[in-house]
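Worksheet: the structure to be examined is printed underneath.
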Amino acid sequence: MNYYLTNEELVEAGKHYLGEYPELAKASIEKAEQASRNLFRVPFSMDMDHWVDLGEPIDWRYNPSNDLEFTWVLNRHWYMLDLGRAYLITHKEDYVHTFIKHLRGWIVQNPVPKDLSYEEATFFQQPGPWRLLEVGLRVQSWISAYKYMEGSSVITAHFREEFLSSLVEHANYLTSYLGSIEINHAIMHMQGLFMISVFYNEHPRASFWRQFATERLELCMVHQIDADGVQCELTTHYHNGSIEMFGAPYLLGKLSGYPMSEWYANNLRRMGAFTHAMIRPDHGSTAAGDSDLISSGTERLALLGAILEEEQFIAMGEMSSEILWMFGRDRFENFKKQQQSFKPQQPTTVSFPRTGFYIMKDDQNYLFFDAASMGGAHGHADALNLEWMWKCNLLFLDPGRYTYEEGEWRRYFKSTRAHNTVVVDGLDQTPYVASQEWGIPAAECVTNRWITGDEYDFIDASHNGYQRLDAPVQHRRWLLLGKKRSFMIVVDWLESEGMHDIEQRFQLPPSANVRILDEGDAKPKAMIDYSSAIQLRMHWMVSSDQSDHFAVVSEQGWVSEIYGVKTETSTIVGKGTMNGRMGIVTVCTPVDLEEDSVQPVITGLAMDHIQQNVSISLTDKAGKLAIHLDCKEINWTC
């Protein structure tokens with residue numbers, strides 16, 4: 001077995017693809033037709049929304065933008081998968097001719113480079129066709145497309161020799177430069193090399209390639225997957241992507257008679273547990289770090305379940321066309337049946353304390369709290385950030401990533417001010433240097449207390465990102481989320497010996513409508529109406545060494561659902577100044593106007609920034625409740 005499926009199984013998968021995923025099948029045919037005219041849409045680039053003409057013959061180094069991702073992604077040849085799938089659906093030989101023509105043209109234009117520096121080969125290469133990442137991904141596109149079209153009479157023995165010869169060049173290149181095993185790129189390098197070793201198993205060096213790839217994949221696991229099962233870059237997108245990167249070689253090894261270890265499989269299971277924890281009630285996932293707002297781990301979870309033959313992962317996930325193309329029609333249908341018989345479990349709070357991620361869940365809430373480290377180049381300056389969903393409505397959200405192209409937008413989406421945390425003097429918690437580079441010192445977080453129970457979840461964490469300032473600032477945040485009572489309390493403690501401007505920020509979804517309420521007292525209030533019948537009231541109180549004014553305003557913000565697309569939204573900002581010690585308490589009470597006849601009412605709100613304690617009293621449909629928080633304990637009195 002030199003691939004996931006036989007030719008006969010791929011033919012059946014093509015038929016099933018058309019019936020099961022008609023829109024995706026239509027899109028595959030459209031991409032194949034356009035590719036035959038040398039027109040391409042390039043995903044994960046700033047030109048993904050229109051067709052780009054690459055000329056005749058194709059110039060694989062053409063780039064109409066300032067975004068290096070365009071050249072890099074183009075040379076991964078993902079569109080060749082659509083050529084192959086379109087062929088399986090239509091049996092149109094033109095698609096096979098296009099595949100052969102494009103591949104031959106690419107080989108002629110892009111001979112294997114010699115004497116590249118390490119930096120050029122592994123990351124900074126311009127224009128980029130032989131950057132290791134593209135090499136590892138490109139061979140997977142080639143091999144899959146070839147297998148899809150293998151039954152065509154257009155595939156000749158002569159072309160097969162050309163094809164195999166180029167795969168050997170790619171394999172030798174992948175073993176000549178060793179990318180860092182501490183970032184996700186290296187997984188994709190070795191994923192591609194392992195696939196070559198299985199596909200071209202008869203080559204004399206195949207066993208060396210396979211051993212080389214297996215050992216480096218294991219090293220990547222050691223260095224990238226922490227004790228909590230979280231990929232070291234601490235982003236939803238790259239964690240879930242790493243599941244496929246690690247999982248595909250595991251499956252190929254099992255199918256081809258070269259199985260990987262149980263240790264490897266157990267690491268995949270731990271990764272799946274984190275992916276499952278991050279799935280919100282709306283089946284999306286928090287866009288931590290460089291991730292899209294519409295990120296979701298459900299499909300990756302089901303794919304991992306299929307790879308590991310773990311029924312629970314399959315059942316808790318979501319079927320995808322990728323599962324169909326890797327496992328075939330019959331197993332795809334069996335997996336669907338497993339999902340249909342699955343009874344969802346009650347949502348429960350889960351923590352990843354070694355990483356610093358805390359996910360608070362119950363019947364109504366999903367709250368993600370970030371007390372983790374930066375996570376490297378793909379991390380954002382978002383220490384003590386949160387995302388909150390109540391009754392399947394996002395109340396506060398992570399903004400996504402938007403672009404990797406250097407400039408003001410890259411800087412904005414990575415910035416502290418784009419997240420739900422506190423900004424000091426308009427500065428990022430960690431100094432921004434460039435699109436993929438942070439300065440030093442990087443902000444570090446500490447979890448002081450973590451309490452989870454039947455009535456509430458509570459986190460107490462701090463970070464040192466603003467300790468680098470001439471007058472250092474310490475930021476400590478408490479967050480208490482009611483489970484049976486609908487409210488969230490956020491307390492921000494700030495301490496410094498100098499004067500600073502402070503902004504406490506909350507990012508809203510674009511559909512939200514904000515009203516700042518002036519009720520004639522010193523405690524600001526805001527009301528947010530969401531697109532459903534959900535309404536949120538926010539109450540603030542400030543205590544500090546000085547009595548300067550603290551105001552709440554609504555400002556323009558931005559969110560990005562998917563790479564290359566941004567949407568204007570509203571951001572609630574609490575603004576003030578500090579010199580010494582300061583405390584800000586924010587009480588948030590959501591209500592469903594269609595279902596809740598009794599709305600929560602805050603009856604008391606007091607805080608002491610010297611002793612660092614807060615007292616809140618409220619009434620709701622369950623009656624009266626009094627809460628007192630300090631640095632040692634929580635008193636909860638009904």
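For Trp60 and Trp130, the distance between ring centers is not under 6.0 angstrom. For Tyr146 and Phe199, the ring centers are positioned less than 6.0 Å apart.
A salt bridge links Glu150 with Lys147; the closest basic N to acidic carboxylate O contact falls under 4.0 Å.
Taking the six-membered ring for Trp and thresholds of 30 and 60 degrees, Trp325 and Tyr148 have ring planes inclined between 30 and 60 degrees apart. Ring geometry for Phe413 versus Trp409: interplanar angle of 30 to 60°, hence tilted.
Looking only at atom types and distance, the side chain of Ser141 has no donor-acceptor partner in the side chain of Tyr79 under 3.5 Å away. In this structure, a donor-acceptor pair under 3.5 Å is present between the side chains of Glu33 and Tyr95.
Among residues at least two apart or in separate chains, side chain to side chain donor-acceptor pair (under 3.5 Å) pairs with a member in residues 174-189 are Asn184-Glu233.
In this structure, Arg131 is positioned above the aromatic face of Phe123, its NZ or CZ under 6.0 Å from the six-membered ring centre and within 45° of the axis.
The only option from Glu322, Glu318, His276 that meets the side-chain hydrogen bond (donor to acceptor under 3.5 Å, both in side chains) definition with Arg300 turns out to be Glu322.
The side chain to side chain contact (heavy atoms under 4.5 Å, CB included) search around Ser166 returns Ile107, Trp142, Glu169, His170, not counting sequence neighbours.
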Donor-acceptor contacts, no H, no angles, side chain residues 203-210, under 3.5 Å, sequence neighbours left out:
| from | atom 1 | to | atom 2 | distance (Å) |
| --- | --- | --- | --- | --- |
| His203 | ND1 | Arg205 | N | 3.0 |
| Arg205 | NE | Asn172 | OD1 | 3.3 |
| Arg210 | NH1 | Asn201 | OD1 | 3.4 |

